[in-house]
Every structure is written in C-alpha cells, then in structure tokens.
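On a predicted model such as this, the values are computed, not experimentally measured, just so you know.
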Amino acid sequence: MLQPTRTKFRKAHKGRIKGAATSGATLRFGQFGLKAMEPDRVTARQIEAARRAMTRHMKRAGRVWIRIYPDVPVSKKPLEVRMGSGKGAPELWVVRIKPGRILFEIDGVSTTLAREALDLAAAKLPIRTRFVERIAE
C-alpha cells in the first residue's frame, strides 16, 4: 500500500476540502482517465483495491498511472479510551480529493475495456467519478 517513508510532522489536522482541483485536472499520460466529481478523502487501501480491480480486468495489458498519493496521516484513538489525554496515534493514510482531479489513467487498451476497468475501479472508491477520454489532436 502507498504511504510516505517519512513526513515533516507525524500528525495532521483534519482540514476541509474547498474548491475545485487546479492541478492534476487534465489527462497527462494515458488515453483514458477517471475523474473525481465530488470532494472526499480516499484511503491508501481504497486506491490499492481500485488498482487491483483495474489491472485484473485488463489482464495486465496496457499501462496504468495512479495520479494520487496518500500523504495525509489520519489519527485514531484506541477503542474504549476516555476523552482527553491527547491525540491518537496515526492509523491510516489518505489523500484529499477535490472535484475535477484525475485519479487514474490508462493507455494501451480499447475504449470498451478501459471503460469497464475504470468502472470496476470507481466501485471501490467512496466518491462519484466520471470516465474521461483524451480528444484526438
């Protein structure tokens, strides 16, 4: 699973996801992509599940790019612990997704296969997404 080797700070604030994506909003590598339509946090496990579903359906043909990286730690307190006594230990890693962000890109497969693979990947994610295609130049 994806996670940073080290970070400047061990724990992060929750934060809010405001506005639309400016960076990472267009296709850069592949012919087809999966674009986020709403803001949310996506965990490293969800990214890995989506990647596995995609590559398995494509039978490892073509190429896949993951355009997001979970670099925000989410802390959690243990079960049945009383309030107070500080913030919990880092539990998982997430990426904050803004609407319009490209999550995955695919190349080297047909349009129908790419659409099916990205639909399977979208089912593993907690946000609404859209299939996007590069316009032929």
- Message: Check for me, please, whether L118 and F29 land in the same ILVMFWY cluster - side-chain distances under 4.5 Å, paths through other members count.
- Response: no
- Message: So, taking the atom named OG1 in T7 and the one named CG in D71, what distance separates them when rounded to the nearest 0.5 Å?
- Response: 9.0 Å
- Looking only at heavy atoms, what is the nearest atom pair of L125 and A50, with distance? CD2-CB, 4.2 Å
- Query: For F32 and A114, which heavy atoms make the closest approach, and how far apart are they?
  - Reply: CD1-CB, 3.4 Å
- Give me the one residue out of L34, V132, T26 that meets side-chain contact (heavy atoms from CB on, under 4.5 Å) with I102. V132
- Message: Is there a side-chain contact between D40 and P126 in this structure, where contact means two heavy atoms from C-beta onward sitting under 4.5 Å apart?
- Response: yes
- Report the C-alpha distance between M1 and R45 in whole Å, list the side-chain angles of each, state the deciding distance to 0.1 Å, and finish with yes or no for side chain to side chain contact (heavy atoms under 4.5 Å, CB included). CA-CA 7 Å; M1 262 181 298; R45 281 177 176 272; 3.1 Å; yes
- Query: Do the side chains of L92 and I66 join up, straight or via other hydrophobic residues, at under 4.5 Å, putting them in one cluster?
  - Reply: no
- Item | Spacing of NZ belonging to K59 relative to NE2 belonging to H57, to within rounding of 0.5 Å | 7.0 Å
- Judged by atom type as modelled, is there a donor-acceptor pair below 3.5 Å linking the side chain of K87 to the main-chain atoms of A12? yes
- P90 to P73 - nearest heavy-atom pair and separation: CB-CB, 4.4 Å
- Task: Decide yes or no on side chain to side chain contact (heavy atoms under 4.5 Å, CB included) for M37 and R130, but give the supporting numbers first.
- Result: CA-CA 7 Å; M37 292 284 99; R130 197 178 84 198; 4.0 Å; yes
- Between V72 and V95, does a side chain to side chain contact (heavy atoms under 4.5 Å, CB included) hold up when you go through it step by step? CA-CA 6 Å; V72 179; V95 57; over 6 Å; no
- Message: Taking G30's backbone N and O only, do any of them form a donor-acceptor pair with R134's side chain (distance below 3.5 Å, no angle check)?
- Response: yes
- Query: Is a salt bridge present between E105 and R67, judged by a nitrogen-to-oxygen distance below 4.0 Å?
  - Reply: yes
- So which heavy atom on K76 is nearest to which on E91, and how close? CB-CB, 3.8 Å
- To the nearest 0.5 Å, what is the distance between CG (L113) and CE (M58)? 6.5 Å
- Note on the structure: The reported gap from OG in S23 to CZ in R101 (rounded to nearest 0.5 angstrom) is 5.0 Å
- Within the side chain of K77, is there an N or O that forms a donor-acceptor pair under 3.5 Å with the backbone of G86? yes
- Task: Using the rule that two of Ile, Leu, Val, Met, Phe, Trp, Tyr join whenever any of their side-chain heavy atoms come within less than 4.5 Å, decide whether I97 and L2 are in one cluster.
- Result: yes
- Write down the atom of F131, the atom of T111, and the distance for their closest heavy-atom approach. CZ-O, 4.3 Å
- Query: Under a 4.5 Å side-chain heavy-atom rule over Ile, Leu, Val, Met, Phe, Trp and Tyr, are L103 and W65 clustered together?
  - Reply: no
- Message: If hydrophobic clusters are built from ILVMFWY residues whose side chains come within less than 4.5 Å, do L27 and I68 share one?
- Response: no
- Do the side chain of Q3 and the main chain of W93 share a donor and acceptor less than 3.5 angstrom apart? no
- Task: Search all heavy atoms of T129 against all heavy atoms of A122 and return the closest pair with its distance.
- Result: OG1-CB, 3.2 Å
- Query: Roughly how far, to the nearest 0.5 Å, is the CD1 atom of I17 from the CZ atom of R96?
  - Reply: 7.0 Å
- Query: Taking 4.0 angstrom as the limit, do E48 and R51 come out as a salt bridge?
  - Reply: yes
- Message: Quick one, M54 with I106, criterion side chain to side chain contact (heavy atoms under 4.5 Å, CB included). Give me CA distance, side-chain angles, the key distance, then yes/no.
- Response: CA-CA 9 Å; M54 238 181 335; I106 290 180; 3.7 Å; yes
- Are any of the side-chain heavy atoms of T43 and Q46 separated by less than 4.5 Å? yes
- Task: To the nearest 0.5 angstrom, please state how far the NZ atom of K14 sits from the OG atom of S75.
- Result: 9.0 Å
